[in-house]
Amino acid sequence: LSDPKRLVDGDATAEELSLLRAARLDHAPPEVLARALSAAGLAVPSTPPSAPRGGSPGSRGEAFFRGLGFGKVVGLASIVVVAAAGAWLATRADRSPPEASPSAVGSALPSPRSDPPVTPAASPRAEPSPPPAASASTEPSAPPVPVASAEPTRVPGTPGRLPTVPAPPG
Amino acid sequence: METPREVDPIVPAAPREVPDLAAVRRALVDSFPAMWRLLRRMGVPASSLDDAVQEVFLTAVRRASAIRPGSERSFLYGVALRVAARARGRDARAPSDDPPEVPDPGPLPDALLEQHRAREALDRILDRMSDDLRVTFVLYELDEVTLPEIAELTEVPLGTATSRLRRAREFFRAEVDRTQRRAKAEGRQP
């Protein structure tokens, strides 16, 4: 039950052969195949032949850095270094106030003793204290401030402050 | 209140097979030259060949899960034959003002010009064949498909396919002979 010979392999005349062979040599244009694959969603994206130069055909990361070029890589690296330095300095600056205050106090005091800060009468801290007359009218809660309440007692002879202090009974 | 979704308890849900599109692509690329020739010899107009090929490809992708491994070529030929029949039907219903089957090839080397003329002569003969004989003749003589495959593709018994091939050959030979005799009578090359 084998198939009979094809005409081109058998007893075809010259004319018959020329027709059959011409049909067999009818080649499809390659662009038709490309269009059909694309229409069916089966097209494979073409890659440039020079893409895999330098090492094995690599990962996306390698391709990314190849595309960047040396100059851009150096530029990126310098940006990263500057950013890291900036971040380090920022962390230093955040930590400096709590570190600086004890040292500053220590340098200002003659001895490491932790005496309560006794300010003299001419201390600049006494100056900004509001006059009791004004504060009594606007801020009744001003007396609880320990500095304001202690100053009149510590500096009794300060002009302009004695009239505001109520006289002790008796 | 939401009604529960009805599920047929008798017919189990068939597992959805994942089509192997890479295999389909390989089969399409491998079969493309023969498929293109088949569409052409089955009478698809030159102006519709591009669309016909794309229709075959799209159908193959859509029905990829239905292609049995190892039978890709038969599947594609079957699709191509149906697409060709539809294209011929469209062409017959709405004859267009398209140029003749093959456009003017322009200046060609003698060998290519001879091939071009021979293909035109073959197409004229095939156009006069019935569809059944034409399919069998083209698949067997030009694409070297076996008779059992042709019988499966055209859904006829093997004996019928063999008979069709024999009659198609007789028709072809008679037509070639007639063309030659007419050309000789007119004093020109056939």
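Letters A, B, ... are given to chains in the order of the sequence lines, protein chains preceding strands, and every chain is numbered from 1.
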Do B:V156 and B:V135 belong to the same hydrophobic cluster, where Ile, Leu, Val, Met, Phe, Trp and Tyr are linked whenever their side-chain heavy atoms lie under 4.5 Å apart, directly or via other members?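 The answer is no; the residues belong to distinct hydrophobic clusters.
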For [X] and [Y], work out which heavy atoms get closest and say how close.
{"X": "B:Q115", "Y": "A:L25", "answer": "NE2-CD1, 3.4 Å"}
{"X": "A:S18", "Y": "B:A118", "answer": "O-CB, 3.8 Å"}
{"X": "A:E15", "Y": "B:V176", "answer": "CG-CG1, 3.5 Å"}
{"X": "B:F57", "Y": "A:A40", "answer": "CB-CB, 3.9 Å"}
{"X": "A:A39", "Y": "B:L58", "answer": "O-CD2, 3.4 Å"}
{"X": "A:R35", "Y": "B:D50", "answer": "NH2-OD2, 2.6 Å"}

Contact part of [X] toward chain A, heavy-atom cut-off under 4.5 Å: side chain, backbone, both or neither?
{"X": "B:L49", "result": "neither"}
{"X": "B:R119", "result": "both"}
{"X": "B:E175", "result": "neither"}

Apply the side-chain contact (heavy atoms from CB on, under 4.5 Å) test between A:D3 and each candidate in B:T146, B:I150, B:T162, B:L165; give the one that qualifies.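 Considering B:T146, B:I150, B:T162, B:L165, a side-chain contact (heavy atoms from CB on, under 4.5 Å) with A:D3 is found only for B:T146.
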Rounded to the nearest 0.5 Å, how far apart are CD of B:Q54 and CG of A:L37?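 Going from the CD atom of B:Q54 to the CG atom of A:L37 covers 10.0 Å.
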About how many Å separate CZ of B:R41 and CG of A:D26, when rounded to the nearest 0.5 Å?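 Going from CG on A:D26 over to CZ on B:R41, the span is 5.0 Å.
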Should B:W36 and A:L33 count as side-chain neighbours, where that means a heavy-atom distance under 4.5 Å?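 The answer is no; the side chains never approach within 4.5 Å.
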In this structure, are over 12 heavy atoms from other groups packed under 6.0 Å from B:R128 atom CZ?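 Yes, because the 6.0 Å sphere around CZ of B:R128 holds more than 12 heavy atoms from other groups.
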Does B:D110, at its CG atom, have more than 12 non-hydrogen atoms belonging to other residues, nucleotides or ligands within less than 6.0 Å?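 Open.
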Does A:E16 come within less than 4.0 Å of B:R169, counting only side-chain N to carboxylate O?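 B:R169 and A:E16: not salt-bridged.
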What option among A:D11, A:V8, A:T13 has the most heavy-atom pairs under 4.5 Å with chain B?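 Of A:D11, A:V8, A:T13, A:D11 has the most heavy-atom pairs under 4.5 Å with chain B.
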With chain B, which of A:E31, A:R21, A:H27 has the greatest number of heavy-atom pairs at distances under 4.5 Å?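 Top count of heavy-atom pairs under 4.5 Å with chain B: A:H27.
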Top residue by heavy-atom pair count (under 4.5 Å) with chain A, among B:V29, B:D143, B:L142, B:V61?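 The option with the most such pairs is B:L142.
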Which atoms of A:P30 come close to chain B, meaning under 4.5 Å heavy atom to heavy atom: side chain ones, backbone ones, both, or neither?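 Contact with chain B involves no heavy atom of A:P30 at all.
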Check whether B:E141 reaches the backbone of A:L7 with its side chain - one donor and one acceptor, N or O, closer than 3.5 Å.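 Present.
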